[in-house]
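What follows is a single structure, written as structure tokens, with notes after it.
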2 protein chains.
Amino acid sequence: MPDLDPVDIHAGCKTVTPLLARIGDKWSILVVMVLSAGPRRFNELKRLIDGISQRMLTHTLRSLERDGLVSRTVFPTIPPRVDYELTPLGHSLRVPVKALGLWVMENKDEITRSREAFDGRED
Amino acid sequence: MPDLDPVDIHAGCKTVTPLLARIGDKWSILVVMVLSAGPRRFNELKRLIDGISQRMLTHTLRSLERDGLVSRTVFPTIPPRVDYELTPLGHSLRVPVKALGLWVMENKDEITRSREAFDGRED
DNA sequence: CGGGATCCAGCTTGATACTG
DNA sequence: CAGTATCAAGCTGGATCCCG
């Protein structure tokens, strides 16, 4: 499959890039990976994810929930308890993301060297 | 490989997320995919990539070049001619990106439905 | 032709304070 | 405990003009 048709390329990228942008934001992948071990409560996530603010954790979880990657379960107790868990869709996303992660691990040194070479030849 | 260690997860994500953010920007994937068919000149790319501004094409190409995904060749003719081409590293990136693209194609309907359901239950 | 320089609007992220 | 509200800073992307 040569996929050389510019129209196809555009159509394909317009659907893929938004997802890449979504999971490329500052915290989404981290949240997904932490949740891959099992359900977690809000403050549990906040503790496990070093450096995230309350606001950004809320935002990230809302976005993931909206896309159907994470489910939110409220226990009407006092104090309130809310569990977040990866949906099957969320779990399935880990497969291609891990493939990309593997690519990065295999090539990050080359990328680093390329950057240093590029930055070095600024006269 | 259970990868349940929070430290490992953090370490892994801190290396993967920056790349995701890079190729998740507005134009990078599109440029890479168009270049996968072979080398192109600057204005050729600008014509092929609908809607990109001169500034963003320059920026995107510079970033990709810095990371070693794209090579830049200048022909000292008049008028000047500059060819951009995917490096072997750039070509290899297409594999995991296509895997992610496939995941999106398979699940975009479910994502769309989830979003509509989520937005619908805003009271 | 292939850019660089400048300016600006909008979005993303974070700090902080408050609430049921 | 699990958020919401508000504000501010920084970054991204686009429009426009200029240049060898």
Side-chain angles (χ1 to χ4, degrees), chain A residues 10 13-14 17-31 34-35 39-67 70-85 118-119 121-123, chain B residues 10 13-14 17-32 34-35 39-67 70-85 118 121-123:
Chain A
H10 271 71
C13 290
K14 301 246 172 188
T17 297
L19 178 93
L20 245 34
R22 275 293 324 280
I23 65 175
D25 71 8
K26 198 164 177 183
W27 302 106
S28 289
I29 289 292
L30 203 41
V31 170
V34 168
L35 281 178
R40 298 286 184 185
R41 302 179 58 172
F42 185 87
N43 274 341
E44 204 173 358
L45 283 171
K46 187 155 163 23
R47 272 192 307 276
L48 284 171
I49 300 173
D50 193 58
I52 196 169
S53 68
Q54 204 168 36
R55 182 180 178 281
M56 285 317 295
L57 181 56
T58 304
H59 275 37
T60 304
L61 287 168
R62 284 286 175 282
S63 298
L64 294 173
E65 188 196 358
R66 191 174 102 96
D67 288 353
V70 161
S71 66
R72 179 172 180 271
T73 310
V74 181
F75 300 91
T77 55
I78 305 223
R81 168 183 176 154
V82 181
D83 272 21
Y84 292 93
E85 187 176 9
F118 186 93
D119 295 347
R121 63 176 182 265
E122 283 172 353
D123 312 323
Chain B
H10 271 70
C13 289
K14 300 247 171 189
T17 297
L19 179 92
L20 246 34
R22 276 294 323 281
I23 65 175
D25 70 8
K26 197 164 180 183
W27 302 107
S28 288
I29 290 292
L30 202 42
V31 170
V32 168
V34 168
L35 282 178
R40 298 285 185 186
R41 302 179 58 172
F42 185 87
N43 275 340
E44 203 173 359
L45 284 171
K46 187 154 164 26
R47 272 192 307 275
L48 286 170
I49 300 174
D50 193 57
I52 196 169
S53 67
Q54 204 168 40
R55 181 181 178 276
M56 286 317 295
L57 181 55
T58 304
H59 274 38
T60 304
L61 288 168
R62 283 286 174 283
S63 299
L64 294 173
E65 188 195 358
R66 191 174 102 98
D67 288 354
V70 161
S71 65
R72 179 172 181 271
T73 311
V74 181
F75 300 91
T77 55
I78 305 228
R81 168 183 176 154
V82 181
D83 272 20
Y84 291 93
E85 188 174 9
F118 186 93
R121 65 176 181 266
E122 283 173 351
D123 313 322

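Heavy-atom basis, side chains included; hydrogens, waters and symmetry copies ignored. Chain naming here is simple, since letters A, B, ... match the order of the sequence lines and numbering starts at 1 in each.
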To the nearest Å, give me how far apart [atom1] ([X]) and [atom2] ([N]) are.
X       : N      : atom1 : atom2 : value
B:Phe75 : C:dG2  : CZ    : C1'   : 14 Å
A:His59 : D:dT4  : NE2   : P     : 9 Å
A:Ile78 : D:dC1  : CD1   : C1'   : 11 Å
B:Gln54 : C:dC1  : CD    : C1'   : 9 Å
B:Tyr84 : C:dG2  : OH    : P     : 8 Å
A:Ile49 : C:dG14 : CD1   : C1'   : 16 Å
B:Arg81 : C:dG3  : CZ    : P     : 13 Å
B:Arg55 : C:dG3  : CZ    : P     : 15 Å

Exercise. Applying side chain to side chain contact (heavy atoms under 4.5 Å, CB included), run through A:Thr58 and A:Phe42 and close with a yes or a no.
Key: CA-CA 8 Å; A:Thr58 304; A:Phe42 185 87; 3.5 Å; yes
Out of [options], which has the shortest distance to the side chain of [X]?
X       : options               : result
B:Pro80 : C:dA17, C:dA15, C:dG2 : C:dG2
B:Arg72 : D:dG14, C:dG2, D:dC1  : C:dG2
B:Asn43 : C:dC1, C:dT13, D:dC17 : C:dC1
B:Met56 : D:dG14, C:dG14, C:dG4 : D:dG14

Quiz item: What distance separates B:Leu35 CG from B:Leu30 CG, expressed to the nearest 0.5 Å?
Solution: 10.0 Å
Self-check item: side-chain hydrogen bond (donor to acceptor under 3.5 Å, both in side chains), paired with B:Tyr84, selected from B:Arg72, B:Arg40, B:Arg41
Solution: B:Arg72
Self-check item: Identified side-chain contact (heavy atoms from CB on, under 4.5 Å) partner of A:Leu45 from the options A:Ile52, A:Val34, A:Thr60
Solution: A:Val34
Self-check item: Side-chain N or O of A:Arg47 closer than 4.0 Å to phosphate OP1/OP2 of D:dA2
Solution: no
Quiz item: Reckon B:Lys26 has a side-chain N or O less than 4.0 Å from the OP1 or OP2 of D:dG14?
Solution: yes
Quiz item: So, for A:Thr17 and B:Asp25, which heavy atoms are closest and what is the spacing to 0.1 Å?
Solution: CG2-O, 3.5 Å
